Trainee: 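The structure's right below; bear with me while I get my questions together.
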Amino acid sequence: MSPVEPASPALFLGLISGTSADGIDAALVRFEGSGAALRCELVLGRTYRWNEATRAALIALGQGGEAPSLDEVGRLDALTGHHFAEAALRLLDEAGVGAAEIRAIGSHGQTIRHRPHADPPFTWQIGDGNVIAERSGIDTVADFRRRDVAAGGHGAPLMPAFHAALLGSPDEDRAVLNLGGIGNFTLLPRADGPPVRGFDTGPANALMDAWCERHTGAAFDAGGAFAANGRPDETLLARLREEPWFALPPPKSTGREQFHLAWLEARLGDSAASPSDVQATLLELTAATVADALRASQPDTRRVLVCGGGVHNAQLMARLATWMPQAQVESTALHGLDPDFVEAMGFAWLARETLAGRPGNLPAVTGAKGPRVLGTIFPA
């Protein structure tokens, strides 16, 4: 399919299930303009929960578990595609918008392996784009990360170009902090600063969610209440911060296969910390490693714009503000972007860039050899 500049304004639909695999975020977005003149409007955003059996299978694979068979991986790839297609169709139904009105779907899929340091490097997101295109009747762009990895990059993070177009300021150094299962930064320097940069900071919600679910039965720590009942164990925190990955220079990325409960348990040792103390320690680990990364990479940051599920964790937001006193820590909602759907909107934008034949990666962020048009187009 030849690159086609979408009519402006145009409707796109973005889909993503993140590291936490808590649900499929679906965003219906209206775009107009490009680059610094880009305007976007979230028409409707929803999160559709996975059924428990599928979620359990995705999490088991995502944190490094062995697949029962190639047949099972193939089945899960197709099944995930059906779930993504169903999310798209449900969103359109709720919005009262027909498939013919949508220029394209941008689908991230579900990461089951991310190995940028393997030989050869690879990353793997399932959720068959053929299934999504066939069921929705809408051109679909998927498999965004592997081209960047093929070009020598990490394939992540992919949101910095989108963040730069919508959230940068010529007058101050800013950072966009996405608190999904894994935390990641986009560094947005003021007009006379260095290029835009971005990288993963380490665990955010994935470890806290897993520990909370094990000890309370709840899928996540609502508002940080479980952590607030405990106190950080400073000895354990120091042990967790010794993880060599934290000292790696950018570009760098990680996932559930690196930071999971087995990783935590190997470092608990003979700790007498209560479950709520461990939860508080994991929350402190997220805040501390985020602050360490910002201090090392853009110490003059004056505003940290937070998106992702972690923005709803009041305890985490408070600790971030304490660890980064030089910066104003606030939600992207104050800047016109719903924090729950920034990433889904970003993959809608990436689909738009792909159809227009424009690169979607930033080599300074991912480490790729150069700009690349990302994704595979699956025509309706």
Side-chain angles (χ1 to χ4, degrees), residues 1-18 22-34 37-51 54 77-110 125-144 158-159 162 165-166 307 333 336-358 360 373-380:
M1 180 178 290
S2 300
V4 176
E5 181 69 43
S8 186
L11 288 171
F12 285 75
L13 200 155
L15 300 168
I16 180 172
S17 176
D22 50 358
I24 299 170
D25 292 336
L28 181 60
V29 190
R30 181 177 287 107
F31 289 112
E32 187 169 7
S34 294
L38 176 67
R39 292 191 299 168
C40 73
E41 172 196 357
L42 178 64
V43 178
L44 185 65
R46 291 286 186 268
T47 298
Y48 301 109
R49 302 295 173 188
W50 291 102
N51 67 59
T54 304
D77 182 28
L79 179 63
T80 302
H82 281 286
H83 280 295
F84 271 71
E86 183 64 28
L89 292 170
R90 286 180 64 184
L91 187 72
L92 293 180
D93 183 62
E94 289 190 53
V97 173
E101 299 176 62
I102 307 302
R103 179 63 188 87
I105 293 172
S107 176
H108 170 267
Q110 179 70 53
Q125 289 74 41
I126 62 172
D128 189 352
N130 294 286
V131 171
I132 300 171
E134 190 67 29
R135 283 202 56 191
S136 68
I138 300 169
D139 290 350
T140 298
V141 188
D143 194 20
F144 287 99
L158 292 183
M159 291 295 101
F162 179 61
L166 293 170
C307 57
L337 289 183
D338 187 320
D340 291 323
F341 298 104
V342 171
E343 279 202 294
M345 294 173 72
F347 279 95
W349 175 81
L350 280 171
R352 185 175 187 261
E353 298 303 285
T354 299
L355 293 184
R358 291 189 289 259
V373 178
L374 305 180
T376 300
I377 300 171
F378 300 87

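Residue numbers start at 1 and run along the sequence shown. This is a predicted model, so every value here is computed, not measured.
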Trainee: Any side-chain heavy atom of R103 within less than 4.5 Å of one from R352?
Mentor: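 In short, these two side chains do not touch, never coming nearer than 4.5 Å.
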Trainee: Kindly compute the distance separating CD (Q125) from OG1 (T80), expressed to the nearest 0.5 Å.
Mentor: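 OG1 of T80 is found 12.0 Å from CD of Q125.
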Trainee: Go through the steps for L166 and V342 under the test side chain to side chain contact (heavy atoms under 4.5 Å, CB included), then give the verdict.
Mentor: CA-CA 11 Å; L166 293 170; V342 171; over 6 Å; no
Trainee: Give me the atom names and distance for the closest heavy-atom approach of L89 to S136.
Mentor: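 Minimum heavy-atom contact is CD2-CA, 4.0 Å.
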Trainee: Look up atom SG in C307 and atom CZ in F341, then write down how far apart they are to the nearest 0.5 Å.
Mentor: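 With rounding to 0.5 Å, SG (C307) is 12.5 Å from CZ (F341).
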Trainee: Can you find a heavy atom in the side chain of D22 that is under 4.5 Å from one in the side chain of T47?
Mentor: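 They are not in side-chain contact.
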Trainee: Side chain of D143, backbone of G375: donor and acceptor closer than 3.5 Å?
Mentor: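 Between the backbone of G375 and the side chain of D143 there is no qualifying donor-acceptor contact (under 3.5 Å).
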Trainee: Hey, does F162 have a side-chain heavy atom less than 4.5 Å from the side chain of M345?
Mentor: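 They are in side-chain contact.
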Trainee: Kindly compute the distance separating CG (L374) from CG (L158), expressed to the nearest 0.5 Å.
Mentor: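 The CG atom of L374 sits 6.0 Å away from the CG atom of L158.
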Trainee: Got a sec, which residues hit side-chain contact (heavy atoms from CB on, under 4.5 Å) with A333, two or more places apart in sequence or on another chain?
Mentor: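 Partners of A333 under the side-chain contact (heavy atoms from CB on, under 4.5 Å) test: S331, P339.
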Trainee: Rounded to the nearest 0.5 Å, what separation is found between the CG atom of L350 and the CE atom of M159?
Mentor: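 Separation between the atoms: 4.5 Å.
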Trainee: Considering all heavy atoms of both residues, which atom of P379 and which atom of I377 are nearest to each other, and what is their separation?
Mentor: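 The pair with the smallest heavy-atom distance is CD-O, 3.5 Å.
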Trainee: S17: which residues meet the side chain to side chain donor-acceptor pair (under 3.5 Å) condition with it, sequence neighbours left out?
Mentor: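 S17 satisfies side chain to side chain donor-acceptor pair (under 3.5 Å) with W50, Q110 once adjacent residues are dropped.
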Trainee: Please check: side-chain N/O of D139 versus main-chain N/O of A380, any donor-acceptor pairing under 3.5 Å?
Mentor: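 Checked: pair present.
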Trainee: Can you list every pair that meets salt bridge (charged side-chain N to carboxylate O under 4.0 Å, His left out) and has a residue in residues 89-98, with sequence neighbours left out?
Mentor: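 Residue pairs with at least one partner in residues 89-98: R46-E94.
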Trainee: If you take all heavy atoms of A87 and A26, which pair is closest and at what distance?
Mentor: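 Here A87 and A26 meet closest at O-CB, 4.4 Å.
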Trainee: Which residues satisfy the side-chain contact (heavy atoms from CB on, under 4.5 Å) test with V373, sequence neighbours excluded?
Mentor: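 Listed in chain order: T354.
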Trainee: Drop me the distance from T140's OG1 to N130's CG, to the nearest 0.5 angstrom.
Mentor: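 Rounded to the nearest 0.5 Å, the OG1-CG separation comes to 9.0 Å.
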Trainee: Just so I know, are the side chains of I132 and I105 near enough to count as touching, which here means a heavy-atom distance under 4.5 Å?
Mentor: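 When only atoms from C-beta onward are counted, I105 and I132 do touch, with a gap below 4.5 Å.
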Trainee: Sequence neighbours excluded, which residues qualify as side chain to side chain donor-acceptor pair (under 3.5 Å) partners of D338?
Mentor: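 Partners of D338 by the side chain to side chain donor-acceptor pair (under 3.5 Å) criterion come out as none, since no residue qualifies.
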Trainee: Would you say L91 and Y48 make side-chain contact, with heavy atoms under 4.5 Å?
Mentor: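 Side-chain contact under 4.5 Å: yes.
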Trainee: Are D340 and D25 side-chain neighbours, meaning at least one heavy-atom pair lies under 4.5 Å?
Mentor: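 Sidechains of D25 and D340: no contact.
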Trainee: With H83, which of I24, L15, V131 fulfils side-chain contact (heavy atoms from CB on, under 4.5 Å)?
Mentor: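 Passing option: I24.
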Trainee: Listed by chain and number, what are the salt bridge (charged side-chain N to carboxylate O under 4.0 Å, His left out) partners of E86, not counting sequence neighbours?
Mentor: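 Testing E86 for salt bridge (charged side-chain N to carboxylate O under 4.0 Å, His left out), a comparison that skips the adjacent residues, returns R135.
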Trainee: Calculate, to the nearest 0.5 Å, the distance between atoms CG and CZ belonging to L42 and R30 respectively.
Mentor: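 Going from CG on L42 over to CZ on R30, the span is 10.5 Å.
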Trainee: Less than 4.5 Å apart, any side-chain heavy atom of F347 and any of V141?
Mentor: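 Contact flag for F347/V141 side chains = no.
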Trainee: What verdict does the side chain to side chain contact (heavy atoms under 4.5 Å, CB included) test give for I138 and L13, after you've listed the backbone C-alpha separation in whole Å, the side-chain angles of each residue and the deciding distance to 0.1 Å?
Mentor: CA-CA 10 Å; I138 300 169; L13 200 155; 5.5 Å; no
